[in-house]
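A quick note: this is a predicted structure, and the numbers were derived from the prediction, not measured. So that the names make sense, note that chain A is the first sequence line, chain B the second, and so on, each numbered from 1.
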There are 2 protein chains.
Amino acid sequence: MTTPAPEGYDPHAYAPFAVTVDLAVFTVREARLHVLLVERGQEPFRGRWALPGGFLLPRESADDAARRELAEETGLGPDTVGALHLEQLRTYTGPDRDPRMRVVSVAYAALLPDLPEPRGGGDAASARWWEADAAGPLAFDHDTILADARDRIGAKLEYSCLATAFCPAEFTLGELQQVYETVWGVELDRPNFRRKVLSAPDFVQPVGGPPRRTGARGKPAALYRAGDATALHPPLLRPPRTDATPSATEGHDR
Amino acid sequence: MTTPAPEGYDPHAYAPFAVTVDLAVFTVREARLHVLLVERGQEPFRGRWALPGGFLLPRESADDAARRELAEETGLGPDTVGALHLEQLRTYTGPDRDPRMRVVSVAYAALLPDLPEPRGGGDAASARWWEADAAGPLAFDHDTILADARDRIGAKLEYSCLATAFCPAEFTLGELQQVYETVWGVELDRPNFRRKVLSAPDFVQPVGGPPRRTGARGKPAALYRAGDATALHPPLLRPPRTDATPSATEGHDR
DNA sequence: CTTTTTTATAGTCACTCTGACTATAAAGGG
DNA sequence: CCCTTTATAGTCAGAGTGACTATAAAAAAG
């Protein structure tokens with residue numbers, strides 16, 4: 001940056017911006033994709049739901065700010081928040097995206113296993129999970145951010161090992177498949193899914209010991225934990241949708 | 001953003017940041033990947049090379065700023081700049097990335113066909129193409145940005161139709177293959193490459209008329225232009241490198 | 001003008017991967 | 001004890017891929 005650097009270099013000669021982070025926090029519960037939203041307590045968009053987020057502190061990176069805000073909104077311990085998958089999505093810079101002032105926002109996507117209801121700790125008076133499809137019109141440009149985040153997550157499931165971030169430490173292949181089916185909105189063939197996951201090196205590793213027994217019906221499933229790989233070879237391509245879905249990875253800025 | 005919104009909402013109560021865009025502008029010339037760099041005229045990093053870029057104007061989006069800066073640095077007409085492929089990479093927010101002040105930078109990658117030397121118009125006194133592998137230590141965190149940009153471009157060639165952005169309006173399959181080989185740093189089998197490109201729907205369309213005749217040696221190649229597709233089905237996966245290359249898509253923020 | 005060289009394009013073939021499907025195993029419920 | 005449910009194993013045809021060979025169309029060499 002700053003290539004055509006100014007002479008005296010007075011910081012106030014350049015337009016100051018407020019910088020925030022916005023978080024699209026996803027989980028899969030009851031076979032549906034959920035997103036964490038908070039209700040706004042004041043204008044603008046008072047009473048509307050919004051993605052959690054907040055301002056960067058003066059000496060804080062956006063990654064740090066995202067983890068801090070996430071801990072505040074969810075009440076998760078810093079150990080949990082420090083370990084979870086957090087991915088920078090893109091930055092939204094439309095000049096009118098906040099009616100009060102010029103704000104650029106660095107958006108993140110975070111993936112969580114199914115957890116108990118968030119404790120509305122910190123400043124978020126009311127935070128709760130919403131089914132992603134039912135997330136009404138949100139404040140600011142958060143509908144756009146949410147849609148971009150869903151697209152990105154869906155795409156990354158294909159060629160990364162991201163899906164395990166939705167699962168608890170130990171999980172069955174059925175649970176992992178449920179993640180794919182929920183995010184993609186398709187049904188997958190179980191033996192084929194199994195074959196592909198197990199043939200991808202280091203995607204999952206079997207965990208010894210007896211299978212977990214919840215009040216489930218059929219044959220108990222073997223447990224796995226996430227492997228060391230981060231990329232998926234070969235990729236797990238989602239079946240082509242009959243209705244042409246434009247990939248929507250391109251173009252818009254606000 | 002701004003969920004825990006303040007009461008009186010004084011903009012100066014929140015840390016102001018300067019916001020810039022940085023551009024990693026790539027082209028393929030003589031079978032090598034090149035990147036556009038500018039030499040810094042003042043401190044810090046005086047005399048070092050850097051990615052072109054600059055500050056956002058008060059009512060300008062980052063996309064607009066990127067196109068404006070690109071036009072200024074390259075001397076390209078607004079029509080050309082308006083049409084080229086510009087992709088937001090990620091935003092760099094390390095608190096110490098600029099020693100003078102707090103600057104967050106939205107990084108973009110841009111792809112150009114091989115063009116004559118940039119006219120150092122605008123404020124960039126000296127802008128020139130550097131071979132990407134020979135781009136020495138750059139100013140600020142631009143080495144990181146450049147490396148991230150190369151990773152991203154290489155990955156996107158696999159599953160998008162991005163490669164045509166490196167080619168002129170009409171190109172041969174050999175030229176398109178050269179783009180893949182240069183960016184990936186591998187050699188590809190020509191008949192197989194041809195088969196895959198032509199079988200991908202709407203990746204390229206043949207252009208009628210006589211083949212272009214430069215002083216080339218062998219049988220003249222048919223010309224194609226970019227098709228309507230933006231995504232590539234099936235993807236054109238790069239051959240697995242013998243030396244394990246970590247995908248480097250994850251993690252670092254500055 | 002013929003031959004050689006060079007590049008583009010067509011075609012082959014074995015192997016792998018994939019999707020669709022069937023079969024068996026291990027649990028719980030009646 | 002049989003039936004239902006879920007997990008896991010296996011099968012098979014077709015698509016896709018990598019490695020390779022063959023032919024076509026140009027320019028350069030002789």
Side-chain angles (χ1 to χ4, degrees), chain A residues 30-31 157-159 167 170-181 184 186-201 203-225 231-242, chain B residues 30-31 157-159 167 170-181 184 186-201 203-225 231-242:
Chain A
E30 291 159 19
L157 288 196
E158 293 193 325
Y159 54 92
C167 297
E170 299 190 342
F171 52 89
T172 68
L173 293 188
E175 290 166 340
L176 188 64
Q177 180 175 349
Q178 187 65 252
V179 168
Y180 277 89
E181 293 180 332
W184 287 348
V186 297
E187 291 214 335
L188 302 175
D189 178 83
R190 201 186 283 263
N192 290 343
F193 179 83
R194 173 188 196 78
R195 189 212 305 158
K196 287 173 114 170
V197 168
L198 293 182
S199 70
F203 185 12
V204 298
Q205 6 181 274
V207 53
R212 179 209 310 163
R213 283 286 53 191
T214 67
R217 288 284 304 241
K219 171 176 173 178
L223 289 176
Y224 296 83
R225 59 169 54 98
L232 207 50
H233 283 293
L236 228 160
L237 299 179
R238 80 186 101 179
R241 300 197 58 114
T242 51
Chain B
E30 292 159 18
L157 287 196
E158 292 194 327
Y159 54 91
C167 297
E170 298 189 344
F171 53 87
T172 68
L173 293 187
E175 290 167 339
L176 187 65
Q177 182 176 348
Q178 186 66 251
V179 168
Y180 277 89
E181 293 181 332
W184 286 348
V186 297
E187 291 213 337
L188 302 175
D189 178 82
R190 201 187 283 263
N192 289 341
F193 179 81
R194 172 187 196 77
R195 188 212 306 157
K196 286 172 114 169
V197 168
L198 293 182
S199 72
F203 186 11
V204 297
Q205 3 180 276
V207 53
R212 180 207 309 163
R213 282 288 52 190
T214 67
R217 288 282 303 237
K219 170 175 174 177
L223 290 177
Y224 297 83
R225 60 168 54 97
L232 207 49
H233 284 294
L236 226 160
L237 299 179
R238 82 185 101 181
R241 301 197 59 115
T242 51

Taking any heavy-atom pair under 4.0 Å as a contact, classify A:P239: base, sugar-phosphate, or nothing.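 It contacts nothing in the nucleic acid.
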Handout entry: Touch class at under 4.0 angstrom, heavy-atom based, for B:R190 against every strand present
Key =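 The answer is base, as B:R190 lies within the cut-off (heavy atoms under 4.0 Å) of a base atom.
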- [ ] Taking only the side-chain nitrogens and oxygens of A:K219, find out if one of them lies under 4.0 Å from OP1 or OP2 of C:dT24.
- [x]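 So the side chain of A:K219 is outside the cut-off, no N or O lying under 4.0 Å from OP1 or OP2 of C:dT24.
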Tell me whether the side-chain N/O atoms of B:R217 come closer than 4.0 Å to OP1 or OP2 in C:dT7.
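Answer is no, no contact under 4.0 Å.
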Most 5' of B:Y224 and B:G218 on DNA chain C, judged by nearest nucleotide:
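The residue closer to the strand's 5' end, by nearest nucleotide, is B:G218.
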Does [X] reach the side chain of [Y], with side-chain heavy atoms less than 4.5 Å apart?
X      : Y      : value
B:P220 : B:T172 : no
B:L237 : A:P235 : yes
B:L176 : B:F203 : yes

Take atom [atom1] of [X] and atom [atom2] of [N], then tell me their distance rounded to the nearest Å.
X      : N      : atom1 : atom2 : answer
A:R194 : C:dG19 : CZ    : P     : 17 Å
B:D189 : C:dA10 : CG    : P     : 14 Å
B:L188 : C:dT9  : CG    : P     : 16 Å
B:L173 : C:dT7  : CG    : P     : 16 Å
A:R238 : C:dG19 : CZ    : P     : 14 Å
B:L198 : C:dA8  : CG    : P     : 13 Å
B:F193 : D:dA19 : CZ    : C1'   : 17 Å
A:E187 : D:dT6  : CD    : P     : 12 Å

> Nearest nucleotide by nearest heavy atom, which residue falls closer to the 5' end of DNA chain D, B:L236 or B:P191?
Replying inline: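 Closest to the 5' end, via its nearest nucleotide, is B:L236.
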If the test is side chain to side chain donor-acceptor pair (under 3.5 Å), which one of B:K196, B:R190, B:R195 qualifies with B:N192?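 In the set B:K196, B:R190, B:R195, the residue that makes a side chain to side chain donor-acceptor pair (under 3.5 Å) with B:N192 is B:R195.
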Exercise for the section: Please name the pair of heavy atoms, one in B:E175 and one in B:E170, separated by the smallest distance, quoted to 0.1 Å. Expected result: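 What the structure gives for the nearest pair is OE1-O, 4.3 Å.
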Among [options], find the nucleotide with the atom closest to the side chain of [X].
X      : options                : answer
B:P234 : D:dT17, D:dC20, C:dC21 : D:dT17
B:K196 : D:dA19, C:dG19, D:dT17 : D:dT17
A:A221 : C:dG19, D:dA25, D:dA7  : D:dA7
B:R195 : D:dT8, D:dT17, C:dA8   : D:dT17

